[in-house]
2 protein chains.
Amino acid sequence: MPSDDGASLAASFSYWQTVRLNPATCPVRDVLDRLGDKWSTLILIALANGPLRFSMIRRNIPDISKRMLTQTLRDLERDGLITRHVFPTKPPSVEYRLSPLGRSLQGPLVALIGWAEAVHGDINDARARFDTEAEAVRTAG
Amino acid sequence: MPSDDGASLAASFSYWQTVRLNPATCPVRDVLDRLGDKWSTLILIALANGPLRFSMIRRNIPDISKRMLTQTLRDLERDGLITRHVFPTKPPSVEYRLSPLGRSLQGPLVALIGWAEAVHGDINDARARFDTEAEAVRTAG
DNA sequence: CCGCATCCTATTAGATACTG
DNA sequence: CAGTATCTAATAGGATGCGG
């Protein structure tokens, strides 16, 4: 799976490098820092098939705390990736759904997750190899 | 830019949801947690056009510390995404380059970064709107 | 049911000084 | 040049209890 077609990729990366990977110029950090937190991506995946209520998201992601779910949902809402709908029932129910902007992320996200899944085994192998080699060196030294 | 073609995306996400977004079953966390750290992605971008020496990477990413660069490079090497080549010159020079596995990430990464760049303005707008609304509510209350 | 506030801990990362 | 070691500050995240 060499998704490496040389020239065009190099050109893309070149461009980002010329903006110097610099905090100020560069949207990459700004956006990826949010997706890089522990829960954002997982929540976006959970919402991929349609709206979910707070408690349903929790059921999809068993080990997220109420606190972090609330907070991450706020952050995603603030960034315009999801929208929040309160139904004034009693007790209240609140529904979250992907915004158009959020849905536009699905394509890239599928690609990335697909990659992660495809190479998961390779990465585990690499880790194991690295660790045993490091251990061998440590023992020898 | 609706990169949303419904059925196939939904199917993909469904699958990942059925593995329950669970720590144990799910490669997503494992892999994305590493890419999600502060520097990994930036380093991979820096190496996209070819091998670079330690100090050159630092020049590409002005605000990374030696400590974090060393550590992140080790982690990427451990995962098999980059390789390390020591030239026993004096003073020593060490070169880092993308492995085939690392190059296989370039496609997905370009897609994600392209998205980030495309929507950067929208996200900033959404943030500004959210913040002024929140402020309005705070003042009214 | 949803979510905020508080408290506390663990992890991450920056600064600095030192080594082959 | 390419690291390592140590210390410290900042941040992320978990537990819990209260309130609409």
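Each chain gets a letter, A, B and so on, in the order the sequences are listed, and its residues count up from 1.
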Review point. Is the distance from OP1 or OP2 of C:dC2 to the nearest side-chain N or O of A:Ser55 less than 4.0 Å?
Key: yes
Review point. Closer than 4.0 Å, any side-chain N/O of A:Arg74 to the OP1 or OP2 of C:dG3?
Key: yes
**Study point:** Length of the line joining B:Glu95:CD and D:dC1:P, which is rounded to integer Å
**Key:** 16 Å
**Study point:** Between C:dA13 (C1') and B:Ile43 (CD1): distance, integer Å
**Key:** 13 Å
Review point. From the list C:dC1, C:dG3, D:dG3, which nucleotide is the closest neighbour of the side chain of A:Val94?
Key: C:dG3
Point to revise | Heavy-atom pair with the smallest gap, counting every atom of A:Trp39 and A:Ile61 | key: CZ3-CG2, 3.6 Å
Point to revise | B:Lys38 NZ - C:dT12 P separation (whole Å) | key: 13 Å
Point to revise | Atom-pair distance (CG on B:Leu73; P on D:dC1), nearest Å | key: 16 Å
Check your understanding: Is the side chain of A:Arg58 donor-acceptor paired with the backbone N or O of A:Ser65 at a distance under 3.5 Å, no angle test?
Key -> no
Practice item. Give A:Tyr96 one of three labels, base, sugar-phosphate or nothing, depending on what nucleic acid heavy atoms sit under 4.0 Å from its own. Key: sugar-phosphate
Point to revise | Result of checking A:Leu112, A:Leu35, A:Leu32 against B:Leu35 for side-chain contact (heavy atoms from CB on, under 4.5 Å) | key: A:Leu112
Exercise for review: Send over the distance from A:Asp37 CG to D:dG14 C1', rounded to a whole Å.
Suggested key: 15 Å
Check your understanding: Given D:dG3, D:dC7, C:dC1, which nucleotide is nearest the side-chain atoms of A:Pro91?
Key -> C:dC1
Review point. Could one point to a donor on the side chain of B:Arg67 or the base of C:dT12 with an acceptor on the other under 3.5 Å away?
Key: no
Check your understanding: Rounding to a whole Å, what distance do you find between B:Asp33:CG and D:dG13:C1'?
Key -> 13 Å
Check your understanding: Closer to the 5' end of DNA chain C via nearest nucleotide, is it B:Thr72 or B:Lys66?
Key -> B:Thr72
Check your understanding: Atom CE of B:Met68 and atom P of D:dT8: how far apart are they, to the nearest Å?
Key -> 19 Å
Check your understanding: Any side-chain donor paired with an acceptor under 3.5 Å for B:Ser40 and B:Asp37?
Key -> yes
Review point. With a 4.5 Å heavy-atom cut-off, do A:Leu76 and A:Tyr96 have their side chains touching?
Key: no
**Study point:** Atom-pair distance (CZ on A:Arg84; P on C:dC1), nearest Å
**Key:** 16 Å
